[in-house]
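Along the sequence shown, the residues carry numbers beginning at 1. Computed from a prediction, not measured in an experiment: that's the story for all the values here.
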Amino acid sequence: MVAIINTNQTTNTTRLTLQTTELAAETTAIRCLDWDRDRFDIEFGLQNGTTYNSFIIQGEKLALVDTAHAKFRQLYLELLTGLIDPASLDYLIISHTEPDHSGLVKDILALAPQATVVGAKVAIKFLTDMVHQPFEHIIVKNGDRLDLGNGHELEFVSAPNLHWPDTIFTYDYKTQILYTCDAFGLHYCDEPTFDEDLELIEADFEYYYDCLMKPNARSVLAAIKRMDKLAFETIATGHGPLLKYHRAELVDRYQQWSQAQTKTETLVGLFYSEDYGYSEELARAIAQGIIKTGVAVELIDWNNTEPQEVRELVTQAAGLVIGMPPQSDREAHTILSTILAAAHSKQSIGLFEAGGGEDEPIYPLRTKFQETGLIEAFEPIIIKKSPNQATKQLCDEAGIDLGQWLTRDRTAKQIKAIDNSLEKALGRISNGLYIITATKGEIKSAMVASWVTQASLTPLGIAIAVAKDRAIESFMQIGDRFVLNVLAEGNYQNLIRHFLKRFPPGADRFEEIKTVPATNGSPILAESLAYLECEVSNRLECSDHWIVYSTVQTGRVAKLDVLTAVHHRKVGNHY
Ligand code: FEO
């Protein structure tokens, strides 16, 4: 039987209400209804508000699955403490750590310091940084179980990238409810707890998929495969109505959309270990670089996969990246043999050490792949000490190199596809010539730019177009600082020639280049005509480029009587 209790709070600006529903045996949903929220993340406009759903499971042990957005702090905590005694809470299960679900974790732990937090390894790490206090925890992997007693045996499903790296689903064998947090959710705020009326919710369901899940379509398919063996009757999502009446239809739509999305993708299979050395850290940095080039990445943990799955992936993949497993890991060696047997000469390969102390030697493996005819996309990444910013930048750039290699034909085709007269007409748009230089921690980067323009007067601001697969893109996130060096007419060839060179991953772009440090720490090129010190305050995604808007703090011109170098292009298919 389903019981529904509502509590309300209306302020002048927003309506926040709570709904409590008995979902099944010893299982209660607390839905925080945010009726007027009109934006989620920077790009996600909402028409129908949203809800944040949290769940109580009472076996012999008591568990809470997720919390809520901090804006519900008072309402949620009052309601929760009326439903349970926090001192008896045994487990706080974290499906993922984005603040709309974990915004009250610190509050819950203050009320229930004895509770054990259950989550993926990445989630526990994020939470440690977030709550700044010690707490008991259990790290769970795909297939791990937790028995709450009284039939409530929970099984965890690893669902990385749906849509954060730390996502897990939780399945309760007694109630056949699968708790999926963001996955299969929708931003839709209304009284019905369930999905009775498909027509009412399907547009928002699809919009939500497009915004949050489509970029990770491959991870969606992997999660659906893992869910398959669980006989779930209800999907208890973290946003919107819970899926019961149209559960199968809606999961099927996720599958179809994701299959269509992945069909034409260029794919890299990246093998790493969640538990060994720095493997995961480096794998994620390499993956980030690959993704910048528009190539999809599937991350596979050596100890969380099967030979059949690996065979299929390696057969499809255009590229492979291998993070060395430990020599003693027999499971990983079986997977490695499968990879070697399925790899083929049209593929590209990159290898990296995991730095765990007993890595499988990298060079014999490199030789084996080379003998099979695979093309090496980047030199093996060898770890001499724990990874720092420079190591991660090197990995990011290695990933970009691999992605650019795999997309070289597509890029050439796109360039050729521009109609000749259009190409020439576009080429008549001219800009100045500039070099952006930036420092982050101990590492520096640079890029030749010509799409640069003053964008605002108060405050003084400029806009720059940066291709998504440029290494400097990671230095131009909101809050980052850099220098725009303006090049001088008649004196720019040497600098342009130098900075247009293809640098190997991690290479120092400033070797033999005269610079002085700016106030913000970035290098000013001694030969530049003028410079501006800037701070990124906004980014607009424009297809294959980011338009980066930055405020300007200070600047100086070296020679008042010299003009800015101008880039006169013949064609409009590049800047
Ligand atoms: Fe609903 Fe990714 O948080």
Side-chain angles (χ1 to χ4, degrees), residues 282 285-286 288-289 292-293 350-353 376-405 432-450 452 464 466-477 480-534 536 548 555-556 558-559 564-565 567 574-575:
L282 302 182
I286 295 170
Q288 183 179 298
K292 282 182 186 170
T293 65
L351 304 170
F352 69 96
E353 280 187 352
E376 190 170 74
F378 53 84
E379 291 271 315
I381 296 172
I382 308 292
I383 301 298
K384 300 264 187 261
K385 52 183 183 179
S386 60
N388 51 18
Q389 264 184 318
T391 325
K392 285 187 196 156
Q393 185 63 18
L394 182 153
C395 289
D396 181 273
E397 290 175 14
I400 291 174
D401 276 7
L402 172 55
Q404 286 180 339
W405 167 258
L433 274 171
Y434 311 88
I435 291 171
I436 298 165
T437 51
T439 303
K440 227 178 190 180
E442 62 206 40
I443 46 170
K444 291 182 270 185
S445 194
M447 178 190 93
V448 173
S450 66
V452 177
I464 303 172
V466 181
K468 283 184 174 172
D469 62 356
R470 289 306 192 98
I472 204 166
E473 194 272 338
S474 348
F475 292 68
M476 299 188 80
Q477 305 298 313
D480 285 350
R481 291 166 179 200
F482 64 91
V483 164
L484 179 76
N485 296 273
V486 181
L487 301 188
E489 191 181 58
N491 183 28
Y492 62 86
Q493 296 292 5
N494 287 344
L495 284 173
I496 289 285
R497 213 172 292 129
H498 175 82
F499 285 105
L500 280 181
K501 267 192 312 210
R502 195 169 182 93
F503 291 92
D508 178 5
R509 280 136 171 94
F510 294 89
E511 218 173 49
E512 296 172 11
I513 296 289
K514 230 184 190 176
T515 63
V516 285
T519 319
N520 70 16
S522 298
I524 298 169
L525 302 178
E527 281 187 50
S528 62
L529 169 63
Y531 73 88
L532 299 170
E533 294 196 32
C534 311
V536 178
V548 178
R556 200 173 154 266
K559 292 176 191 162
T564 302
H567 185 209
H574 62 276
Y575 292 131

Exercise for the section: Ignoring hydrogens and angles, tell me if any N or O in the side chain of K440 forms a donor-acceptor pair with the backbone of S474 under 3.5 Å. Expected result: yes
Practice task
Mark yes or no for whether D480, through its side chain, and V536, through its backbone, hold a donor-acceptor pair below 3.5 Å.
Solution key: no
Exercise for the section: Working to the nearest 0.5 Å, report the span between OG1 of T391 and CD of Q389. Expected result: 9.5 Å
Practice task
Could you pull out all residues at least two apart from T293 that satisfy side chain to side chain contact (heavy atoms under 4.5 Å, CB included)?
Solution key: V295, I400, Q404, D469
Problem - Stepwise side-chain contact (heavy atoms from CB on, under 4.5 Å) check, L525 with F499 - result: CA-CA 12 Å; L525 302 178; F499 285 105; 4.1 Å; yes
Exercise for the section: Report yes if the side chains of V486 and S528 come closer than 4.5 Å at any heavy-atom pair, otherwise no. Expected result: no
Fill in the blank from the handout: Closest heavy-atom pair, L282 versus E353, reported as atoms and distance to 0.1 Å, is CD1-O, 3.4 Å
Problem - Spatial distance of atom NZ (K501) from atom CD1 (I496) [nearest 0.5 Å] - result: 13.0 Å
Exercise for the section: Taking the side chain as every heavy atom from C-beta outward, state whether C395 and F352 have any pair of such atoms under 4.5 Å apart. Expected result: no
Practice task
Find out whether F510 and H498 are in side-chain contact, i.e. whether some heavy atom of one side chain is under 4.5 Å from a heavy atom of the other.
Solution key: no
Problem - 4.5 Å side-chain heavy-atom contact, E379 and P504 - result: no
Practice task
Would you sort out whether I464 and F482 count as a side-chain contact (heavy atoms from CB on, under 4.5 Å), showing the intermediate values?
Solution key: CA-CA 12 Å; I464 303 172; F482 64 91; 3.7 Å; yes
Fill in the blank from the handout: side chain to side chain contact (heavy atoms under 4.5 Å, CB included) filter on A518, not counting sequence neighbours, yields V483, N520, I524, E533
Fill in the blank from the handout: Between A565 and Y492, the two heavy atoms sitting closest are CB-CD2, 3.4 Å
Completion exercise
Taken in chain and number order and not counting sequence neighbours, the residues that satisfy side chain to side chain contact (heavy atoms under 4.5 Å, CB included) with K384 are I382
Problem - Contact summary for I436 and A449, nearest pair of heavy atoms - result: CD1-CB, 3.8 Å
Problem - Inter- and intrachain pairs under salt bridge (charged side-chain N to carboxylate O under 4.0 Å, His left out), touching residues 502-512, at least two apart - result: E397-R509, D401-R502
Problem - Separation between NZ of K444 and CD1 of I472, rounded to the nearest 0.5 Å - result: 12.5 Å
Problem - Value rounded to 0.5 Å, distance of CG in L487 from CD in E527 - result: 9.5 Å
Exercise for the section: Using side chain to side chain contact (heavy atoms under 4.5 Å, CB included) as the criterion, list what pairs up with A390, not counting sequence neighbours. Expected result: N388, E442, I443
Handout entry: Set of salt bridge (charged side-chain N to carboxylate O under 4.0 Å, His left out) partners for E473, sequence neighbours left out
Key = K292, R539
Practice task
Go through I381 and I286 one step at a time and tell me if the side-chain contact (heavy atoms from CB on, under 4.5 Å) criterion holds.
Solution key: CA-CA 11 Å; I381 296 172; I286 295 170; 4.2 Å; yes
